[in-house]
Amino acid sequence: MTLGWHMVMEFSPSLVGCVIANSNFSFEMIRRSRECVINVPSLELVDEVVGIGNCSGDEVDKFSRFHLTPVQATDVGAPLIGECFVNLECRIADARLVNTYNFFIFEVLKAHVSTALKGIGTLHYQGKGIFITSGKLVNKRHKFTKWRNSPYF
């Protein structure tokens, strides 16, 4: 599925929150299995992202239709997408807001980041069919002291 809204909630443990409409085919699959993979596409996949969002997984094999490569995950049953430069294997950490707000809180169990893709433009959805890409990287890591010992730093 194409996910339009998500946010980082915590670093350790790594938590990501997202809203998934209960009318979405993936909603019930994720609720039952309690796991998923969040795949982060680059700008080069924008047409596939839109196409995936315009069809339902209960009617079409999206990997086949959009020529994507499923890659077996190590900690969850859902596949990674080989063409995405980041894949986050996730398990539901807190489901209390799912019934009321369709809001899932996932713990990232394992992150896969491609080292082959340097300077890749990340794709971000603004709504109403508009995407933006990441801009200039500003690295201030050396100034961060609070999280220096974090495994995600």
Side-chain angles (χ1 to χ4, degrees), residues 1-117 119-135 137 147 150-153:
M1 67 166 272
T2 298
L3 179 64
W5 188 88
H6 67 281
M7 67 179 182
V8 173
M9 298 179 64
E10 183 57 84
F11 294 107
S12 186
S14 181
L15 299 177
V16 175
C18 65
V19 172
I20 301 171
N22 62 7
S23 60
N24 190 303
F25 179 65
S26 296
F27 179 90
E28 201 53 46
M29 289 175 56
I30 293 168
R31 183 146 83 173
R32 275 196 312 269
S33 69
R34 301 190 56 79
E35 58 187 30
C36 69
V37 174
I38 297 174
N39 303 282
V40 182
S42 63
L43 175 59
E44 289 74 21
L45 292 174
V46 68
D47 290 333
E48 288 83 354
V49 168
V50 173
I52 289 166
N54 283 332
C55 64
S56 179
D58 64 340
E59 299 170 356
V60 83
D61 178 345
K62 294 182 183 189
F63 281 98
S64 177
R65 177 175 285 180
F66 297 101
H67 310 289
L68 298 172
T69 308
V71 176
Q72 182 156 355
T74 56
D75 293 347
V76 300
L80 315 178
I81 297 176
E83 290 74 14
C84 288
F85 72 98
V86 173
N87 296 270
L88 306 174
E89 296 185 42
C90 300
R91 188 162 292 131
I92 293 177
D94 189 333
R96 289 177 287 179
L97 299 175
V98 171
N99 290 335
T100 307
Y101 299 106
N102 300 336
F103 187 78
F104 290 82
I105 300 174
F106 295 111
E107 179 178 358
V108 178
L109 304 174
K110 184 169 182 99
H112 305 265
V113 181
S114 173
T115 57
L117 303 171
I120 191 104
T122 56
L123 189 62
H124 306 275
Y125 186 60
Q126 285 192 304
K128 298 183 180 180
I130 305 296
F131 294 85
I132 60 171
T133 59
S134 56
L137 178 68
W147 296 291
S150 167
Y152 303 103
F153 184 78

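Only this structure's heavy atoms are used, side chains among them; waters, hydrogens and symmetry mates stay out.
- Under 3.5 Å, the side chains of His67 and Glu48 contain no donor-acceptor pair of N or O atoms.
- Taking every heavy atom of both residues into account, Ser42 and Leu123 meet most closely at O-CD2, 3.9 Å.
- Here the rule is side-chain contact (heavy atoms from CB on, under 4.5 Å) with His124, and of Thr133, Leu43, Ile132 only Ile132 fits it.
- Arg96 is linked by a salt bridge (Lys or Arg N to Asp or Glu O under 4.0 Å) to Asp94, counting only residues two or more places apart in sequence or in another chain.
- Other residues, nucleotides and ligands contribute over 12 non-hydrogen atoms within 6.0 Å of the NE2 atom of His112.
- Shown here for Ala78 and Val37, the closest heavy-atom pair between the two residues is O-CG2, 3.4 Å.
- Ile92 CD1 to Cys36 SG: the interatomic distance, rounded to the nearest 0.5 Å, is 7.5 Å.
- The heavy-atom pair separating Asn102 from Ala21 by the smallest distance is ND2-CA, 4.0 Å.
- Taking the six-membered ring for Trp and thresholds of 30 and 60 degrees, Phe27 and Phe104 have ring planes more than 60 degrees apart, a perpendicular arrangement.
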Fill in: Verdict with reasoning, Ile30 to Phe106, per side chain to side chain contact (heavy atoms under 4.5 Å, CB included)
CA-CA 11 Å; Ile30 293 168; Phe106 295 111; 3.7 Å; yes
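- A pairwise comparison of heavy atoms in Asp75 and Arg91 identifies O-NH2, 2.9 Å as the closest pair.
- With sequence neighbours excluded, no residue forms a salt bridge (Lys or Arg N to Asp or Glu O under 4.0 Å) with Arg34.
- If you check the side chains of Ser33 and Glu35, you find no donor sitting under 3.5 Å from an acceptor.
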Side chains of residues 54-65: which donor-acceptor pairs under 3.5 Å do they make with residues two or more places apart or in other chains?
{"residue": "Asn54", "atom": "ND2", "partner": "Val50", "partner atom": "O", "Å": "3.3"}
{"residue": "Ser56", "atom": "OG", "partner": "Asp58", "partner atom": "N", "Å": "3.4"}
{"residue": "Ser56", "atom": "OG", "partner": "Asp58", "partner atom": "OD1", "Å": "2.3"}
{"residue": "Asp61", "atom": "OD1", "partner": "Phe63", "partner atom": "N", "Å": "3.0"}
{"residue": "Asp61", "atom": "OD1", "partner": "Ser64", "partner atom": "N", "Å": "3.2"}
{"residue": "Lys62", "atom": "NZ", "partner": "Ile52", "partner atom": "O", "Å": "3.1"}
{"residue": "Lys62", "atom": "NZ", "partner": "Cys55", "partner atom": "O", "Å": "3.1"}

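- Using a 4.5 Å heavy-atom cutoff, the side chains of Phe103 and Val98 are not in contact.
- Atom CE in Met9 sits 4.0 Å away from atom CD1 in Ile105 (nearest 0.5 Å).
- At a threshold of 4.5 Å between non-hydrogen side-chain atoms, the residues Val108 and Cys90 count as touching.
- Looking at Val113 and Val86, their side chains come closer than 4.5 Å, going by heavy atoms from C-beta outward.
- Remark: side-chain polar atoms of Asn87 are not paired, donor with acceptor, to backbone N or O of Leu80 under 3.5 angstrom.
- Smallest separation of non-hydrogen atoms from Val49 and Thr2: O-OG1, 2.8 Å.
- For the pair Leu3 and Val19, the tightest heavy-atom approach, listed with the atom from each and the gap, is CD1-O, 3.5 Å.
- The shortest distance between side-chain heavy atoms of Glu10 and Glu107 does not fall below 4.5 Å.
- More than 12 heavy atoms of other shown residues, nucleotides or ligands fall within 6.0 angstrom of atom CE in Met1.
- Side chains of Asn99 and Arg31: a donor on one and an acceptor on the other come within 3.5 Å.
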